[in-house]
Amino acid sequence: MPGTKRFQHVIETPEPGEWELSGYEAAVPITEKSNPLTRDLDKADAEKIVRLLGQCDAEIFQEEGQAMPTYQVTHASLYSSWVLPEEALVVLSGGGTSGRMAFLMSISFNQLMKGLGQKPLYTYLIAGGDRSVVASRERTEDSALHGIEELKKVTAGKKRVIVFGISVGLSAPFVAGQMDYCMDNTDVFLPVLVGFNPVSMARNDPIEDWSSTFRQVAERMQKMQEKREAFVLNPAIGPEGLSGSSRMKGGSATKILLETLLLAAHKTVECGIVASQRCLLEILRTFERAHQVTYSQSSKIATLMKQVSTSLEKKGRVHLVGWQTLGIIAIMDGVECIHTFGADIFLVFSWKGLSHHLLPQGPQFSFSQEDFLTSILPSITEIDTVLFIFTLDDNLMEVQTLVEQVKEKTINIQALAHSTVGQSLPVRLQPLWWPLLFFEYEENFIQKFQRELSTKWILNTVSTGAHVLLGKILQNYMLDLRIGNSKLFWRALAMLQRFSGQSKARCIESLLQAIHFPQPLLDEIRVAPISCHIQVAQEKEQVIPVALLSLLFRCSIPEAQAHLAAAPSVCEAVRSALAGPGPKRRTDPLESLQPALQ
């Protein structure tokens, strides 16, 4: 991202730098690399985890050495053709975290336009539809045709449409199809691709229901950018603190980048002149101040992390109760913990502000006050943790009443409260929590976005750190993830190569054996499309650790399963295998490895 010392933007990542240290896989995308800052994350205590993840988040604001001042040109171009007709539309689209961020930002900017007395013109698309906002549905990201069909539905009859396709790793077929469709129909559409890899590192594997790879789509967009018929926004922000976990830095950078761009664009429209680079820089600095305010309370964040970890270790539940858009941020973190950590014990309730933005999704996807009081409150136990997330502008009597009800069930109650400078927590509420994460911001037009971002950073850090403390992370890798889409299939393969040091062919064989066991791995299975393997893998647990132990011990799948069953945890099983006698294995995260993707 642009540095705050001098506002800059790079369309392509510069020559290999700090994320291409000696030994890194040159072909592995930046968003999938291991961040040197956190390579010993699994050995850190809570305080150090907060510090390390905060440093990773700070990389968003670091200045690139070489760059071109392209943001000004980009937003000027976008809004020189800004959709003035009544049929105008801005679509924010993505899968998973990117789609949830699109949902959040479309709500925010429509509210902004209503406040200005203007007609709302934002909408969102998320792979898998509205249910994917509140539940993980990763396979839906893998269809380009699905993306195109959804885009056609929301843009029918529109004369001018700007489509922001968000794919952190430049990998989601759902977005690739939409960008291709827009480029074929430039009389109506202006496509803008948002991600955080260079185009040369965009996924180049075939998309099963489309004729182009993501990289080919992105390269076509780069060529059309010369005529301002398409744009690619892909600044380098460095690897994730937890390797490949784009819900963290990638999601935050998406929010910062698009909110900066769109706020400046609205100012351009309102004032009739292009916003200056100084204006863009001031917006970016506001987000950087949110980072400073957030991590100034690192010790309290660490305390919350330890409390959450303790509840999870005791098989308790963690309930996140948020008001307004802070509730949406809570939902995002809770949903994403399911596929990142296999955690089904984060229950999230958004308080006031979600249900009227989504179509009904059935009783299992209810997020109202009544749902909490009737379905969740009676089941809370003394080992559970409940975190309340609100601002001092919310209904504090409502907060107090709910907290007092929860206190009858558990003493593990914590709060994350946001205020404007000069506001203070009412005396009656002060005894209800300790420690209280209390954040003060100066009153300005971007305060709402600061609070959302701060909440996201805290929840990401707490949920990730809690699972680190539980021993679910090896170095800075989540080994025991469930393979739910093509991105995760290729990530699994890359991890097998990294930790086993064996060939790509051998790792693929072991991965397929673990996926399809006990069924014999026949030739027709080996040559089946990746989607067939994913369909089986998404229903299975511990596929990756079983495959890895099979490689490390050079044993059968049942023998690998026995090794895993005998160990206290997945990571301990792998550590023991890496440290034990046998053929030389590459265990150093900085050691040179054969690239997983050819």
Side-chain angles (χ1 to χ4, degrees), residues 1-11 30-31 53-64 67 70-72 74-75 78 92 94 97-109 112 164-169 192-197 231-241 245-267 275 277-295 325-326 328-329 332-333 439 441 444-461:
M1 287 285 284
T4 55
K5 294 179 183 177
R6 185 174 69 256
F7 195 88
Q8 297 179 318
H9 171 66
V10 280
I11 286 297
I30 291 172
T31 56
L53 295 182
Q55 290 172 354
C56 287
D57 288 330
E59 289 180 327
I60 295 173
F61 303 101
Q62 290 180 358
E63 185 174 356
E64 298 291 347
T70 309
Y71 275 116
Q72 184 176 8
T74 300
H75 87 260
L78 287 174
L92 304 171
T97 297
S98 298
R100 295 180 196 104
M101 199 59 71
F103 169 73
L104 173 66
M105 289 188 290
S106 69
I107 292 173
S108 295
F109 279 95
L112 173 66
F164 289 90
I166 310 165
S167 178
V168 169
V192 183
L193 177 61
V194 178
F196 303 99
N197 278 323
F231 294 92
V232 180
L233 301 178
N234 59 333
I237 58 171
E240 295 285 353
S245 186
S246 57
R247 80 188 187 101
M248 299 174 70
K249 189 195 294 186
S252 301
T254 297
K255 190 176 193 300
I256 293 167
L257 174 61
L258 287 181
E259 287 176 350
T260 298
L261 175 65
L262 294 174
L263 283 168
H266 278 283
K267 186 171 183 178
Q277 289 190 11
R278 181 178 178 181
C279 170
L280 295 167
L281 180 56
E282 281 303 315
I283 297 173
L284 186 64
R285 280 178 172 160
T286 304
F287 286 118
E288 187 172 24
R289 285 195 291 274
H291 180 273
Q292 295 164 354
V293 169
T294 300
Y295 286 98
T325 55
L326 300 184
I328 297 175
I329 297 291
M332 291 170 62
D333 192 81
F439 301 96
Y441 292 103
N444 56 51
F445 68 101
I446 206 172
Q447 185 184 79
K448 172 181 179 294
F449 296 141
Q450 288 178 305
R451 292 170 169 178
E452 293 167 354
L453 184 61
S454 177
T455 300
K456 180 182 183 299
W457 274 325
I458 293 166
L459 295 184
N460 287 171
T461 297

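Rounding to the nearest 0.5 angstrom, the gap separating the CD1 atom in Ile328 from the CD1 atom in Ile107 is 4.0 Å. If you take CD1 on Ile283 and CG on Leu262, they are separated by 10.0 Å, rounding to the nearest 0.5 Å. The CD1 atom of Ile446 sits 10.5 Å away from atom CD of Glu282, with the distance rounded to the nearest 0.5 Å.
Looking at residues two or more places apart in sequence or on another chain, you find no ring-ring contact (aromatic ring centres under 6.0 Å, His included) involving Phe287. Legend: residues meeting side chain to side chain donor-acceptor pair (under 3.5 Å) with Ser106, ordered by chain and number and at least two apart, are absent. For Glu452, the side chain to side chain donor-acceptor pair (under 3.5 Å) test picks out Lys255, Thr325, Lys448, with sequence neighbours left out. Here Phe109 pairs with Tyr122, His266, Phe449 under the ring-ring contact (aromatic ring centres under 6.0 Å, His included) rule; sequence neighbours left out. When the side chain to side chain contact (heavy atoms under 4.5 Å, CB included) test is applied to Thr455, the partners found at least two apart in sequence or on another chain are Leu326, Ile329, Ile389, Leu416, His418, Leu459. Applying the side chain to side chain contact (heavy atoms under 4.5 Å, CB included) rule to Thr31 yields the partners Pro29, Val168, Phe196, Asn197; only residues at least two apart in sequence or on another chain are considered.
Proximity of Asn234 to Leu193: side-chain heavy atoms (C-beta onward) are nowhere separated by under 4.5 Å. A 4.5 Å side-chain heavy-atom check between Met332 and Met101 finds at least one atom pair inside the cut-off. Residues Glu259 and Leu453 form no side-chain contact, since every pair of their non-hydrogen atoms from C-beta on lies 4.5 Å or further apart. A heavy-atom distance below 4.5 Å is not found between the side chains of Lys249 and Asn460.
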Start with the C-alpha distance between Leu261 and Leu233, add both sets of side-chain angles, then the distance that settles side chain to side chain contact (heavy atoms under 4.5 Å, CB included), and finish with yes or no. CA-CA 11 Å; Leu261 175 65; Leu233 301 178; 3.9 Å; yes
Go through Ile166 and Leu258 one step at a time and tell me if the side chain to side chain contact (heavy atoms under 4.5 Å, CB included) criterion holds. CA-CA 10 Å; Ile166 310 165; Leu258 287 181; 3.7 Å; yes
Passes side chain to side chain contact (heavy atoms under 4.5 Å, CB included), His291 versus Ile60? Steps please. CA-CA 10 Å; His291 180 273; Ile60 295 173; over 6 Å; no
Can you check side chain to side chain contact (heavy atoms under 4.5 Å, CB included) on Glu240 and Ser246, steps first, answer last? CA-CA 7 Å; Glu240 295 285 353; Ser246 57; 4.1 Å; yes
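Arg289 and Thr286 share a donor-acceptor pair across their side chains, judged by distance under 3.5 Å alone.
Residue Gly251 comes nearest to Lys456 through the heavy atom pair C-CE, 3.8 Å, listed as atom of the first residue, atom of the second, then distance. Considering every non-hydrogen atom in both Thr294 and Trp457, the closest pair reads OG1-CE3, 4.0 Å. The two residues Ala253 and Ile237 make their nearest non-hydrogen contact at CB-CD1, 3.6 Å. Counting all heavy atoms, side chain and backbone alike, Leu257 lies closest to Pro235 at CD2-CD, 4.3 Å.
The pair Glu288-Arg285 fails the salt-bridge criterion, with no side-chain N (NZ, NE, NH1 or NH2) lying under 4.0 Å from an Asp/Glu carboxylate O.
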